[in-house]
Every structure is written in structure tokens, then in C-alpha cells.
2 protein chains.
Amino acid sequence: MGPSERQKKILRAIVEDYVRTAEPVSSKAISQLPELNYSSATIRNEMAALTDLGLLEQPHTSAGRVPSALGYRLYVNELMQDYRLSTDETKSLNQAMEMKMAQADKVISQIGKLVSQLTDLPAYAVRSHVQQLSVKRFDFIGAGTQSIILVVMLSSDEIKNKLIRLPLVITDHDLKLLGAVLNASLAGIPASGFTPELIDRITKNAGDAASLVPIVVDFVADLLQAQQHSEVFLTGQNRLLSQPEFHDIDKAQQMLTTLDEDIISNLPATIGGNGTQILVGPEDISKELRDTSVVMTQFDIGEGMKGMIGVVGPTRMDYAKVTARLSYFAEGLAKMFGTSELPPSETDKEDS
Amino acid sequence: MGPSERQKKILRAIVEDYVRTAEPVSSKAISQLPELNYSSATIRNEMAALTDLGLLEQPHTSAGRVPSALGYRLYVNELMQDYRLSTDETKSLNQAMEMKMAQADKVISQIGKLVSQLTDLPAYAVRSHVQQLSVKRFDFIGAGTQSIILVVMLSSDEIKNKLIRLPLVITDHDLKLLGAVLNASLAGIPASGFTPELIDRITKNAGDAASLVPIVVDFVADLLQAQQHSEVFLTGQNRLLSQPEFHDIDKAQQMLTTLDEDIISNLPATIGGNGTQILVGPEDISKELRDTSVVMTQFDIGEGMKGMIGVVGPTRMDYAKVTARLSYFAEGLAKMFGTSELPPSETDKEDS
DNA sequence: CTTTAGCACTCGGGGATATTGAGTGCTAAA
DNA sequence: TTTAGCACTCAATATCCCCGAGTGCTAAAG
């Protein structure tokens with residue numbers, strides 16, 4: 001049987017107090033709240049019940065109570081009140097987002113920094129491709145007799161390029177031929193489809209430009225690989241140190257390295273749930289991370305790409321506030337990357 | 001009057017012992033070294049002298065000695081022995097460098113990570129332009145009727161691009177015209193030279209493509225600005241926490257934030273000295289940073305760009321080793337970016 | 001004049017011990 | 001069902017003391 005309404009109210013009060021103070025919460029503190037006007041003894045009884053239900057924990061016999069992982073779960077699922085962004089906050093959020101984010105991959109790392117600043121916690125940002133990438137079209141631009149520029153447009157509509165210094169002089173005509181052959185044979189094919197036979201055939205058809213084929217193919221293959229592999233940006237680690245739970249250097253370091261290693265490599269895989277997710281440390285990530293939680297939000301970037309921003313903090317963190325900021329941000333971003341409505345003056349700006 | 005030879009020898013021993021142990025060095029410890037076979041009393045006398053010279057310090061009356069900032073300075077300038085990289089080390093350094101560093105700006109951040117790993121300290125990497133950038137040439141590629149790709153080659157030989165969705169249909173002919181006009185009027189001109197009059201003249205000459213002019217110009221102007229502004233990558237902050245001097249959380253945090261703020265913003269400006277430089281904390285950076293030093297090395301990337309890699313660590317760090325690794329690395333990089341010898345198969349790989 | 005042995009003195013670190021006070025659980029009365 | 005009251009627990013803090021590493025100085029030896 002679950003907790004009573006009053007018990008939930010108390011639980012909520014405890015979580016919120018704990019979030020504020022980072023100290024175990026006493027019955028007295030709760031009994032003094034205007035909305036819970038009972039004596040400390042009454043609260044104590046209820047707290048004992050909540051402890052039996054596994055929603056609270058006691059660091060030691062004569063200390064106050066602290067929410068357990070289960071307690072947090074209940075809190076974030078049912079009890080948490082939407083945090084209302086103040087107009088000041090929305091203003092600064094908007095301002096932050098309006099910042100010129102010059103290049104597409106820079107955007108994602110900028111976002112990380114912003115989120116970190118706004119929550120005063122470490123944050124990370126991920127961009128990951130959910131579809132197999134391929135090249136949509138190839139173009140060559142002559143750049144003097146000694147070099148040409150290869151420009152490829154990916155299926156994600158990103159454009160990448162490479163300057164190729166020529167080992168020999170190649171005529172415009174040959175270049176056109178090569179372009180045509182490549183467009184005919186490689187367009188739409190993901191890196192996994194680059195079989196030796198295919199390459200062979202292309203080389204045969206490429207005429208005098210045959211010597212360029214391996215260079216181009218290697219470049220494209222590398223590119224597709226590299227893009228596939230998603231990127232994670234992590235910033236603001238130092239902000240974690242101001243949290244009291246990490247005043248223990250060892251914990252702090254363990255935390256930071258886990259951040260660097262685990263989170264970075266595992267979280268992209270976690271991508272899949274939708275909207276804002278809250279991972280409560282020991283429950284959802286790893287038992288060692290007693291005091292760590294992650295709040296993350298995903299959003300669509302369109303063109304087969306997803307983005308994700310997340311905040312890492314003490315299990316005791318202000319979920320409501322963090323969540324609010326995060327989703328507001330994610331909405332803004334989704335709009336910014338807006339899949340459909342592209343006003344002609346605000347075209348995509350891509351960089352390879 | 002400077003220290004005697006014997007005093008220097010003692011100073012060197014003290015620095016090196018302190019680097020190893022992170023504990024104040026006692027006269028006894030020194031007197032036991034085979035190369036300084038004096039009684040502890042003798043050493044004590046000399047140590048007292050070195051203290052008078054300001055080269056050593058005493059944390060408190062009955063503790064051993066610790067090198068002062070001045071002491072370190074003398075050490076790194078005169079006393080430090082070249083650290084010989086073992087073959088194992090060179091091997092792993094080479095291996096690390098051979099790693100595919102797919103894109104030009106990625107390279108620089110990868111380097112940071114590598115250096116951090118190899119020194120087990122936080123490291124940063126900077127790429128900065130020393131010359132005013134301009135565009136070398138403009139090209140357009142049609143991509144369907146609704147969009148075109150603008151490709152610009154910068155004076156640094158980097159290539160950037162932008163996908164432009166067209167508000168209207170533009171003929172190939174118009175596009176060629178626009179390209180010609182831009183190449184004629186904007187090539188070689190830095191952003192600062194984009195005067196309203198110039199833009200005006202271009203727009204007049206652009207015929208039917210006039211509506212594209214502002215888009216292109218804005219893009220280019222932004223681009224040149226953004227590139228000018230140098231980028232700093234900092235990684236491995238957590239490694240600092242394993243150093244005993246930062247077991248004090250407050251120090252650690254102060255350090256980390258200073259890292260984030262000061263170093264990041266100020267060091268690029270410091271670019272200018274040549275070769276490997278050692279900045280001893282309180283002396284060269286800021287008085288607050290009692291325990292922090294920076295070792296940094298610059299190298300030429302060619303094409304009006306400079307790179308810099310640096311390591312941040314406790315003032316007590318193994319300067320010899322760090323310096324060795326750093327310069328080895330810098331050499332390798334300079335070679336890699338090698339200005340002149342570009343084997344045709346290993347062309348520049350640029351990304352915009 | 002330089003080196004060294006000897007000795008008194010200093011002072012931080014660590015361990016043991018006492019003290020405090022916040023908080024609990026339980027009981028009995030309202 | 002709520003509350004007042006009280007005994008009890010235990011982490012955190014303060015206090016004290018001792019240990020020993022290390023120094024500075026002096027006086028003797030080289």
C-alpha cells in the first residue's frame with residue numbers, strides 16, 4: 001500500500017528542504033512549515049512510516065531523514081511541482097539562445113556551456129545521428145591548376161569539403177566525368193556499402209581522373225564514419241565542486257572521472273527515451289554513484305539527427321528548476337533547428 | 001651575489017625531491033643522497049643560506065624546506081636536466097599522434113586530450129590566427145533549383161561553406177556573375193574592410209542576384225570574425241584533483257575556475273614568446289595561484305596560424321618531464337602541419 | 001675556515017577523550 | 001489521533017597531550 005496523501009505532502013516537503021539545505025531534514029523543521037502545522041512528534045510518526053516504505057533513509061540513528069532513491073523517484077514522478085520560470089529567467093534564457101551560434105557543431109557545444117551556466121552544474125550536449133549517413137551529391141571546384149576542392153553534401157544536408165592537391169594536371173572535362181560517375185555510383189550509399197568491387201568499377205569508369213578515386217573514397221568513408229560517431233561535449237565540471245556532497249575530494253574525483261568515461265560513452269546509447277528523463281544515480285546509472293543524478297532532454301534536429309542536453313548533479317538537486325530550464329531550452333532549440341519552417345533569410349548554416 | 005655551485009646542487013636536489021614527494025624536504029634527506037655526502041648539519045647551513053637568498057621557503061619553523069617561486073625559476077632556467085624520453089615513451093607519443101585526426105579543428109582539441117593523458121595533468125590547446133583573415137575565392141554550386149551552396153576559400157586555405165535556400169529562382173548565369181563580382185571586389189579584403197559603400201557597389205553590379213548579396217556578405221563577415229577569435233580547448237581537469245596540493249577542495253575549485261576563466265581568456269594573448277615557456281604560478285600568472293604553474297609550447301601551423309599547447313599543474317610538477325613531452329609533441333605537430341612538404345597523397349583536410 | 005656532532009627547542013599532526021546538541025523513539029496523557 | 005515529555009543516541013566539535021621530524025645554534029674536530 002502506498003503512502004497517504006499527508007505522507008506524500010511530508011515527503012515532498014522533505015525533498016525540497018533537503019534540496020535547499022543539503023542536510024538531513026528534521027521533524028521539527030517540517031512541523032514548522034505553515035502548510036504542515038502538526039507537532040514534531042506527529043511528523044516523526046509519519047516519517048517513521050515513510051522510512052518503512054523505503055522512501056526515506058536515516059544516515060544514522062540520531063539524524064534527520066534523507067530521501068532515498070525511491071523517494072526521489074516518487075517525488076519526480078508525482079510530487080514535483082512545475083517550476084515557473086520567472087520572466088527574468090526566460091529573458092536570460094532567450095538572450096542566451098539568441099547568441100550567434102556561428103557553426104552547426106559549435107552550436108551544440110555552446111549549448112552545453114549555456115546550460116551549465118544557467119543551472120550552475122556540469123552539463124553535456126550530444127549530437128547523434130540516428131540514420132545511416134550517405135552522400136547526397138558530389139561536386140568539384142577547380143582551384144588553380146594544382147588543387148581542387150571536393151564538396152559533398154551529406155544526406156543530413158550538411159556540407160563537407162576537402163582541398164585536394166593534385167598529383168597531376170586534370171582537365172575540367174575529366175573532373176566533370178569523375179563527378180558524374182561518383183554521383184551515379186556512390187550517392188545514397190552508406191559507408192558500409194563501399195565494397196572493393198564498387199570502388200573498382202568506379203575507378204574503371206573514371207578515365208584520367210582514376211588516381212583521384214581512392215583519395216575521394218577514403219575521405220568520404222572517413223567522413224561518414226566520423227559523423228556517425230556521435231559527439232559529446234561536457235563542460236562546467238568545476239561547478240560540481242561547489243556542491244557540498246563533493247567536498248570529499250575522493251568522491252569528487254570518482255565522480256568526475258565517471259563523468260568523463262562512463263557518461264560520455266554510455267549516455268549517447270541511452271538516447272531513445274523521449275522528452276525529459278531523470279536518471280537517479282544509483283538506481284539508473286551505477287551503484288557507485290550514490291550521490292549523482294542526471295537530468296536530460298532530447299530534441300529533434302531534423303534530418304536524421306537527434307540532440308540531447310543533460311545536466312549532471314548531486315542526487316539532491318533542484319529537479320524542478322533544472323527540468324524547467326532544460327525543457328525550455330530544448331523547446332527553443334527544436335524551434336531553432338525547426339525542421340519545416342525555414343524562413344528564406346534564416347537558412348541553415350552548415351560547416352563541415 | 002648568487003648561490004654557490006654547491007648551493008645550486010642542493011637546490012636542484014631539493015626541487016627534485018619535492019617534485020617526487022610533494023612534502024617539504026629535510027636536510028637529512030638531502031644529506032643521504034650519494035652525490036651530496038655531507039652531514040645534515042652542513043646541508044642545514046646551506047639551506048639557511050638558500051632561504052636567505054629567497055630560493056627556499058619554510059612552511060613553518062620546524063618543517064623542511066620548499067622551493068620558492070624564485071627557486072623554481074632558477075631551477076627551470078639553469079638547473080633542470082633534460083629529461084630523456086624513453087623509447088617506450090616516444091613510441092606511445094608517436095602512436096598517439098598518428099591517430100587519425102579527421103578534421104582540422106578537431107585536431108587541436110584531440111591534441112589537448114592526448115597531452116592531458118600523457119602528462120596526467122589538465123591540458124589546453126589553442127589555435128589562433130595571427131593575421132587578418134580574408135577570403136581568397138568564392139564559388140557557387142547549384143543544388144537543385146531551390147538552393148545553392150556557397151563555398152569560400154579563406155586566406156588560411158581553409159574552406160567553409162553555407163547552404164543557401166533561395167527565395168527565388170536564380171539562373172546559372174546570374175550566379176556566375178555574382179561569383180565574378182564577389183571575387184573581384186571582396187577577395188583579399190578582411191572583414192574590417194567591408195564598408196557599406198563597398199557592399200553597395202557589389203549589390204549594384206550583381207544584377208538579378210542582388211538579393212543574395214546581403215546573405216553572402218553577412219555569412220562571410222561572421223565567418224571571418226569567428227575564425228579570428230581563437231579557440232581554446234581545455235581537458236582533463238579532473239586529473240588535477242589527484243595532486244595532493246589540491247586535496248583542499250577550496251583550492252581545487254579556485255584553481256579550476258581560474259583555469260576556466262583566466263587561462264582560457266588570457267593565455268591566447270600571451271601567445272608571442274617562442275618555444276617552450278614556463279609560467280610559475282604566483283610569479284607569472286596571478287598571486288592567488290600559489291600552487292599553480294603552466295608549461296606551454298607554441299608551434300607554427302603555417303598559413304598565418306599558430307598553435308599552442310599547454311599543461312597546467314601544481315607548481316611542484318615534474319617540469320623536466322612535462323617539458324620534454326610537450327616539446328616532442330610540438331615538434332611532431334609542426335611536422336604534421338608541415339608548411340612546405342605536402343606529399344600529394346596526404347593533402348590537407350579542411351572542414352568549414 | 002669548514003665540517004660535524006650534539007642538544008635544546010618548535011610546532012604540526014594524530015589520537016584519545018570529553019562535551020554538546022540536534023534529533024529520534026516511545027510512552028502516556030489530552 | 002495528536003501531542004507533550006523524556007530518555008537515549010550519536011555525529012560533530014573542541015580540548016588536550018604527546019610524539020617526532022626538523023630546525024638553529026654552539027662548540028669541538030678536521
Side-chain angles (χ1 to χ4, degrees), chain A residues 3-11 13-14 17-18 20-68 71 244-245 247-249 251 291, chain B residues 1 3-11 13-14 17-18 20-68 71 244-245 247-249 251:
Chain A
S4 71
E5 277 314 307
R6 190 170 72 175
Q7 285 168 351
K8 283 189 189 170
K9 224 168 143 187
I10 291 174
L11 175 60
I14 290 176
D17 191 84
Y18 184 57
R20 249 195 25 257
T21 63
E23 305 259 292
V25 184
S26 73
S27 52
K28 196 169 148 209
I30 298 300
S31 75
Q32 278 163 352
L33 294 176
E35 71 270 28
L36 281 164
N37 203 3
Y38 301 92
S39 81
S40 65
T42 310
I43 303 293
R44 270 205 294 285
N45 287 333
E46 295 290 48
M47 276 161 77
L50 285 167
T51 308
D52 287 342
L53 287 170
L55 298 170
L56 292 181
E57 278 169 0
Q58 230 173 344
H60 55 265
T61 335
S62 78
R65 299 299 209 292
V66 162
S68 70
E245 29 270 279
H247 256 51
D248 176 359
I249 265 280
K251 258 189 204 155
D291 309 300
Chain B
M1 190 206 61
S4 71
E5 277 316 306
R6 190 171 71 175
Q7 285 169 349
K8 284 189 189 172
K9 224 168 144 187
I10 291 174
L11 175 61
I14 290 177
D17 190 84
Y18 183 59
R20 249 196 25 258
T21 62
E23 305 259 292
V25 183
S26 73
S27 52
K28 198 170 149 208
I30 298 300
S31 76
Q32 277 164 352
L33 293 176
E35 71 269 28
L36 281 164
N37 203 3
Y38 301 91
S39 81
S40 66
T42 310
I43 303 293
R44 269 205 294 285
N45 287 333
E46 295 290 47
M47 276 162 75
L50 285 166
T51 308
D52 287 342
L53 287 169
L55 297 169
L56 293 180
E57 279 169 1
Q58 231 173 342
H60 55 265
T61 337
S62 79
R65 298 300 209 290
V66 162
S68 71
E245 29 270 278
H247 257 50
D248 176 0
I249 266 278
K251 258 191 206 154

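Within every chain, numbering begins at 1; the chains are lettered A, B, ... in the order of the sequence lines, protein sequences first and strands thereafter.
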Between A:Leu33 and A:Ala13 the two heavy atoms that sit nearest each other are CD1-CB, 3.7 Å
Whole-Å distance separating the CD atom of B:Gln32 from the C1' atom of D:dG22: 13 Å
Contact summary for A:Ser31 and A:Ser39, nearest pair of heavy atoms: CB-C, 3.8 Å
Is there a Watson-Crick or G-U wobble partner for C:dG14 with both distances under 3.5 Å, and if so, which one is it? D:dC17
Readout for nucleotides 11-30 of chain C: B = base within 4.0 Å of protein heavy atom, S = sugar-phosphate only, - = neither; 5' to 3' it is BS----------SBBB----
Expressed as a whole number of angstroms, how long is the span from B:Leu36:CG to C:dT3:P? 12 Å
Could you let me know what C:dG21 is paired to, Watson-Crick or G-U wobble, both distances under 3.5 Å, or none if it's on its own? D:dC10
What closest approach, in Å, do A:Glu46 and A:Ser4 show between heavy atoms, and which atom pair accounts for it? OE2-OG, 4.5 Å
Working note: B:Glu35 + B:Lys9, criterion salt bridge (Lys or Arg N to Asp or Glu O under 4.0 Å); need CA distance, chi angles, decisive distance, verdict. CA-CA 9 Å; B:Glu35 71 269 28; B:Lys9 224 168 144 187; over 6 Å; no
Whole angstrom is fine here: how far is it from CD1 in A:Ile43 over to C1' in D:dA4? 15 Å
Distance-only donor-acceptor pairs under 3.5 Å for side chains of residues 56-67 of chain A, two or more places apart:
from    : atom 1 : to      : atom 2 : distance (Å)
A:Gln58 : NE2    : A:Thr61 : O      : 2.9
A:Arg65 : NE     : A:Thr51 : OG1    : 2.8
A:Arg65 : NH2    : A:Thr51 : OG1    : 3.3

Output for pair (B:Ser40 OG, B:Met47 CE), nearest 0.5 Å, gives 9.5 Å
